[in-house]
Amino acid sequence: AQSVTQLDSQVPVFEEAPVELRCNYSSSVSVYLFWYVQYPNQGLQLLLKYLSGSTLVKGINGFEAEFNKSQTSFHLRKPSVHISDTAEYFCASGNTGFQKLVFGTGTRLLVSP
Amino acid sequence: DAEITQSPRHKITETGRQVTLACHQTWNHNNMFWYRQDLGHGLRLIHYSYGVQDTNKGEVSDGYSVSRSNTEDLPLTLESAASSQTSVYFCASSSDKNTEAFFGQGTRLTVV
């Protein structure tokens, strides 16, 4: 069965600092990986996705993630965060693309001035 | 613009009552999903549908049901609401496995 582990429940960071949000997955078959962002009282918005191809995936708002099959990881990074990046971030996986996603427990990114 | 809407946005109900949460999308997507979001659990799949008349159980389907009579709607019914079903519910849709799944704004349900 698939599972997704987000190792940090909360990550505090100062504005303009780099950030990495960690995600590990387990799957015995081909896996598709996603990062979603949830702003307060909003639905989820797709940041980026890995379906196949290049292991370095670039998304919206300056975020990127690297698929590492040997370490079963898909960590999210941003070189310089803004106050507006404060949100909850969810890593998700699916064996069949965007269908039947399995989500991690989420990481709250707190950006302070 | 095409969109996915959930209603109501907030609902308070009593234990034992039947409750239906609506989800309507205007993209003509085949795939629709219901998730619940709980602290410490992230989002968990309740039910999903790959087309009209198709419904399938997800990870946490006990106490919930769905029906798909048309492409646009996938209502979620709690047959007899329980306090353990207090949660935020999200509906999502996608056209196929390789295209983005879009999420609604969520419905916050409180069972008292």
Side-chain angles (χ1 to χ4, degrees), chain A residues 1-10 21-27 29-53 57 59-60 74 76 87-109, chain B residues 2-10 21 23-25 27 29-51 54-61 66 74 87-109:
Chain A
Q2 300 174 73
S3 68
V4 175
T5 302
Q6 292 184 245
L7 299 167
D8 305 297
S9 60
Q10 188 166 291
L21 306 183
R22 297 181 291 170
C23 172
N24 287 90
Y25 68 92
S26 68
S27 175
V29 296
S30 298
V31 65
Y32 304 87
L33 295 162
F34 313 89
W35 276 99
Y36 281 86
V37 60
Q38 183 182 32
Y39 298 104
N41 299 313
Q42 306 245 336
L44 278 73
Q45 179 183 3
L46 182 68
L47 272 180
L48 49 79
K49 63 186 178 188
Y50 173 78
L51 301 181
S52 64
V57 180
I60 62 171
F74 190 57
L76 181 70
E88 188 95 21
Y89 291 80
F90 291 95
C91 182
S93 74
N95 287 339
T96 54
F98 278 102
Q99 297 168 338
K100 294 175 59 179
L101 298 181
V102 174
F103 284 83
T105 52
T107 297
R108 183 170 299 274
L109 177 64
Chain B
E3 59 182 2
I4 181 167
T5 55
Q6 294 183 234
S7 61
R9 293 293 311 277
H10 302 272
L21 309 183
C23 176
H24 178 80
Q25 51 96 3
W27 284 297
H29 285 168
N30 287 325
N31 306 328
M32 295 185 73
F33 310 87
W34 274 105
Y35 294 87
R36 61 177 287 175
Q37 182 181 23
D38 304 288
L39 197 62
H41 290 280
L43 281 80
R44 292 178 291 175
L45 184 63
I46 305 171
H47 280 286
Y48 60 100
S49 168
Y50 289 152
D54 176 74
T55 61
N56 306 278
K57 293 182 178 181
E59 177 188 356
V60 290
S61 60
V66 294
L74 187 70
S87 185
V88 180
Y89 291 85
F90 285 99
C91 180
S93 72
S94 68
S95 61
D96 61 57
K97 69 176 185 177
N98 291 324
T99 57
E100 179 177 350
F102 292 92
F103 283 76
Q105 299 279 68
T107 294
R108 183 175 296 276
L109 177 68

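A note on names: the letters A, B, ... follow the listed sequences, proteins ahead of strands, and every chain is numbered from 1.
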*Hey, would you say the F33(B) and F103(B) ring centroids sit under 6.0 Å apart?*
no

_Contacts of T105(A) that satisfy side-chain hydrogen bond (donor to acceptor under 3.5 Å, both in side chains) - sequence neighbours left out_ = none

*asked:* Report which part of Y50(B) has an atom under 4.5 Å of a heavy atom belonging to chain A: side chain, backbone, both, or neither.
replied: side chain

*Do S94(B) and N31(B) have a side chain donor and acceptor closer than 3.5 Å?*
yes

*If you round to the nearest 0.5 Å, how far is CZ of F34(A) from CG of L47(A)?*
12.5 Å

*Side chain, backbone, both or neither: which part of Q38(A) has an atom under 4.5 Å from a heavy atom of chain B?*
side chain

*Select one option (side chain, backbone, both, neither) describing which atoms of R9(B) are under 4.5 Å from chain A's heavy atoms.*
side chain

*Under 4.5 Å from any heavy atom of chain A - which part of Q6(B)*: neither

_chain A contact via L43(B) - side chain, backbone, both or neither, heavy atoms under 4.5 Å_ = both

_One thing to verify: whether E88(A) and R108(A) come together as a salt bridge, which I'm taking to mean a side-chain N less than 4.0 angstrom from a carboxylate O._
yes

